[in-house]
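Since the structure comes first, as structure tokens, the remarks are kept for the end.
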Amino acid sequence: MMFHRNDPEVTFLAQKEPGPPGAPTGSPNPFDGVQPDLGVWGDAFNSTWKTLLGGVWGIAFLIVAFGFIRATVELQRAKKGGYSADVHEHTESARKSVFALIALAGLGMIFGAVIAIF
């Protein structure tokens, strides 16, 4: 027997409607109406964690930017020296650095989209 989503005999534990006779009834969800809020810890905590998160984000930008500069300089040296294996290696390193910069720049939008979905 195949079950479909609209089958009235099939319910899940999180559903509030009763299932077929003899089926276990669902318990109420303790998180109904609860949303995460860091404001409960006060404005000082709220300001502090945002400042720390911004600082870590800025350090990540610096690390990736210096990595990109290093990869670009080494790529140019490899091209001038005629080292084809090193050219490929440093090209990949520069490409990864660019993707990391794009990801860091879009991090705010990514988190905003995830929070909007949930």
Side-chain angles (χ1 to χ4, degrees):
M1 176 174 168
M2 228 170 129
F3 294 104
H4 298 284
R5 287 183 184 215
N6 295 329
D7 190 349
E9 293 183 13
V10 177
T11 58
F12 298 98
L13 290 177
Q15 291 179 335
K16 294 183 181 179
E17 300 107 24
T25 59
S27 60
N29 185 356
F31 290 103
D32 275 345
V34 176
Q35 294 183 353
D37 182 20
L38 294 176
V40 71
W41 302 108
D43 291 335
F45 176 77
N46 199 16
S47 173
T48 302
W49 78 263
K50 287 179 182 178
T51 303
L52 288 175
L53 183 62
V56 169
W57 196 8
I59 290 171
F61 267 112
L62 287 175
I63 291 169
V64 172
F66 282 121
F68 177 71
I69 292 168
R70 181 194 49 80
T72 304
V73 169
E74 289 178 357
L75 176 63
Q76 293 304 316
R77 284 184 189 158
K79 281 184 178 181
K80 286 181 181 179
Y83 305 114
S84 61
D86 287 343
V87 168
H88 177 71
E89 179 182 332
H90 297 305
T91 301
E92 288 298 315
S93 179
R95 186 176 295 144
K96 288 178 185 177
S97 295
V98 168
F99 288 142
L101 280 172
I102 292 170
L104 281 173
L107 199 59
M109 291 189 311
I110 293 169
F111 273 112
V114 168
I115 289 176
I117 290 172
F118 295 108

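Just so it is clear, the values below take in all heavy atoms, side chains as well, and ignore hydrogens, waters and symmetry mates.
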Is there a side-chain contact between [X] and [Y] (heavy atoms, below 4.5 Å)?
X	Y	answer
Ser93	Arg70	yes
Trp57	Leu107	yes
Phe61	Leu101	yes

[atom2] on [Y] to [atom1] on [X], rounded to 0.5 Å:
X	Y	atom1	atom2	answer
His90	Arg77	NE2	CZ	9.0 Å
Glu92	Leu75	CD	CG	11.0 Å
Gln76	Thr72	CD	OG1	7.5 Å

For this session: List in chain and number order the residues that pass side-chain contact (heavy atoms from CB on, under 4.5 Å) with Ser97, two or more places apart in sequence or in another chain; answer none if no residue qualifies.
Result: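 Listed in chain order: Phe68.
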Exercise. Do you reckon Leu104 sits in the same ILVMFWY cluster as Leu52, going by side-chain contacts under 4.5 Å, direct or chained?
Worked result: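 No; Leu52 is not reachable from Leu104 via cluster members.
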For this session: Would you indicate whether Phe66, at its atom CZ, is surrounded by more than 12 heavy atoms from other residues, nucleotides or ligands within a distance under 6.0 Å?
Result: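 No, the 6.0 Å shell around CZ holds no more than 12 heavy atoms from other groups.
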Exercise. What is the minimum heavy-atom distance between Ala78 and Asp86, and which atoms define it?
Worked result: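 Closest approach of Ala78 to Asp86, heavy atoms only: CB-CB, 3.7 Å.
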